[in-house]
Protein chains: 2
Amino acid sequence: MATLVVHDPAPSPLEDAQNIRKAVEGWGTNEKGLIAILGHRNAAQRKSIRLAYEEHYHEDLIKRLEHELSGDFEKAMYRWILDPRERDAVLANVALRHALPDYRVLIEIACVYSPDELLAVKRAYQCRYKRSLEEDVASHTSGDFRKACTKISSTLLFALVSTYRYDGIEINEHLAISESKILHELIDKKAFSDDELIRILSTRSKEQLNATFNRYKDDHKTSATKSLLGDPADEFLAALRTVIRCISSPMKYFEKVLRNALSHPGTDEDALTRVIVTHAGKDLKEIKEIYYKRNNVTLDNAVAKDTSGDYKVFLLALLGNEGH
Amino acid sequence: MATLVVHDPAPSPLEDAQNIRKAVEGWGTNEKGLIAILGHRNAAQRKSIRLAYEEHYHEDLIKRLEHELSGDFEKAMYRWILDPRERDAVLANVALRHALPDYRVLIEIACVYSPDELLAVKRAYQCRYKRSLEEDVASHTSGDFRKACTKISSTLLFALVSTYRYDGIEINEHLAISESKILHELIDKKAFSDDELIRILSTRSKEQLNATFNRYKDDHKTSATKSLLGDPADEFLAALRTVIRCISSPMKYFEKVLRNALSHPGTDEDALTRVIVTHAGKDLKEIKEIYYKRNNVTLDNAVAKDTSGDYKVFLLALLGNEGH
């Protein structure tokens, strides 16, 4: 369930646009006023507000906000105001432009979403960048200047983002047995980058993979993820674990991303913003519950402790916690 | 333009279904009667006839025809009566089940069709086989029992069928220059299976690739396809040439498929049927014109000479030549 608290009834999009205009015009910006409006509108409402604002003021609201806001708050608001699939496209593009592409973002999009949601992200990506997500993944992560390790990650990432997986519930039990055996043999001899391993993880349906992972647990008394623990600096191993986690328990995976983002000195604001902004409107409540169970502290408290200013106020609003 | 001659006005789907029933029931089948009906209906009409037949006789028309017909005529009629995208899914599946997968069929689907048409084929494939095209391509073409050469083809085929290419008309001229240079360098040192070569061919938009191929011609006074000529037994080289031909001149490519199918002693009925059945309803006229220019004989005459019986009558009907 969502943590986002949508005001009902909400003002008309034009009224919202006019109030946003008041908040951004003149000297100084009324950030709290912006949060009070945009932090309580769902994706469809935010889209209508953008359209109403553009129509009424002949100005792109997103550009205006970029101009008025700054820092982590600006980033969070920018991501929030975008259409969900457009936001994913931006997140993917930003991830690819890192010196070392942030594979987590790409794996989340490729493995947590349904095949049709992934397709919608690819369409949004093409619409925005006039290129395909696949060609950017392939070209940003390849080339001689990359280490061999990154080249393998590239093969994995490309296969993950490009495949249009089967989305049905049918499971082939024989395949689960044979492919869990293949996975175990390859992991056992540390052949992590073997084509077969990448083929199985990137092309089988998620239902099928979950059957395979369960079979793995039954036969080997440990999970595939645990078998893939190793050198913490090995990015490719980490990517493989991320793939399995995103497919088998996405909510637990996102709890872990939040935990890592908040538990180190020096908060990882990018990850924190990403998870909260992308999940506030759908399933952040479940993630919050898992977070509380795992950490004995509420996510709201952890966020409040590690953030400050308008950024903090905004994240807490999205977390459904106004009175903090 | 299509060569298919659709009767206008056509009888109602139920009337057609009833006449088909008359043609298949009792002793012996009236093949000419079937051709006179189904050889003159477009895809939407054939679909309506299938539905009307099923509703009226509680029997699957396709199954009935499979039972009544045989040989090349049965195969051609079976492919013809299917929905175009369902037919492509069947063609792809049959191609994959060959001892050595018929890469041409897969490359045609991946490279001639628009990204959204390819997606529609993938959806039809999933609907019919409860698996993705990608996983079948990856699993049918991989494994230790395959030669290294086939393994490379597998990488290429997988990348081709899985990518959702950008379909816009924008061209990046700098990219065309740099990637035509990469292609030339790799081809020059015979590094045909290099990741970069596969990456470029499988991920760039078709408009972009055509700009790259044109640049190649301008800079090197020969086409990329010609540069890729070599050992005729090298299947991987042939696959690369097929990719480039399917992207740059699909009509000329199909003329060549027909020419090869008809020019050898022992006609390649599978290829002949495939091209005629899949193009009769849209662009077979253009292919026929190219065929005539190249061979100084009409396609109709060549087909009439190399085929016989109901199969011949049916192909000629689809070619728009009844009076042969």
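Source: prediction; values computed, not measured. Every chain is numbered from 1, with letters handed out A, B, ... down the list of sequences.
- None of A/T163, A/I200, A/T203 except one satisfies the side-chain contact (heavy atoms from CB on, under 4.5 Å) rule with B/E135; the exception is A/T203.
- Between A/R199 and B/A138, the shortest heavy-atom distance links the atoms CD-O, 3.4 Å.
- For A/Q126, the parts lying under 4.5 angstrom from a heavy atom of chain B are both the backbone and the side chain.
- At a threshold of 4.5 Å between non-hydrogen side-chain atoms, the residues B/Y164 and A/L133 do not count as touching.
- For A/K282, the NZ atom counts as densely surrounded, since its 6.0 Å shell holds more than 12 non-hydrogen atoms of other residues, nucleotides or ligands.
- Separation of atoms NZ (A/K130) and CD1 (B/I169) is listed at 9.5 Å; rounding is to 0.5 Å.
- Neither the backbone nor the side chain of A/Y125 has a heavy atom closer than 4.5 Å to any heavy atom of chain B.
- A/R123 has its side chain out of reach of B/P115: every pair of non-hydrogen atoms, C-beta onward, lies at least 4.5 Å apart.
- Minimum interatomic distance between A/S162 and B/E134 (heavy atoms only, all atoms of both residues): O-OE2, 4.2 Å.
- Using a 4.5 Å cut-off between heavy atoms, A/D116 contacts chain B through its side chain alone, with no backbone atom that close.
- Your options are B/Q208, B/K122, B/R131, and the one with the most heavy-atom pairs under 4.5 Å with chain A is B/R131.
- A/F158 and B/A159 get closest at one heavy-atom pair: CE2-CB, 3.8 Å.
- Residue contact with chain B, scored on non-hydrogen atoms closer than 4.5 Å, involves the backbone of A/R165 exclusively.
- No more than 12 heavy atoms of other residues, nucleotides or ligands lie within 6.0 Å of CD in B/E55, so this atom counts as exposed by the packing criterion.
- Only the backbone of A/D167 comes within contact range of chain B, judged by heavy atoms closer than 4.5 Å.
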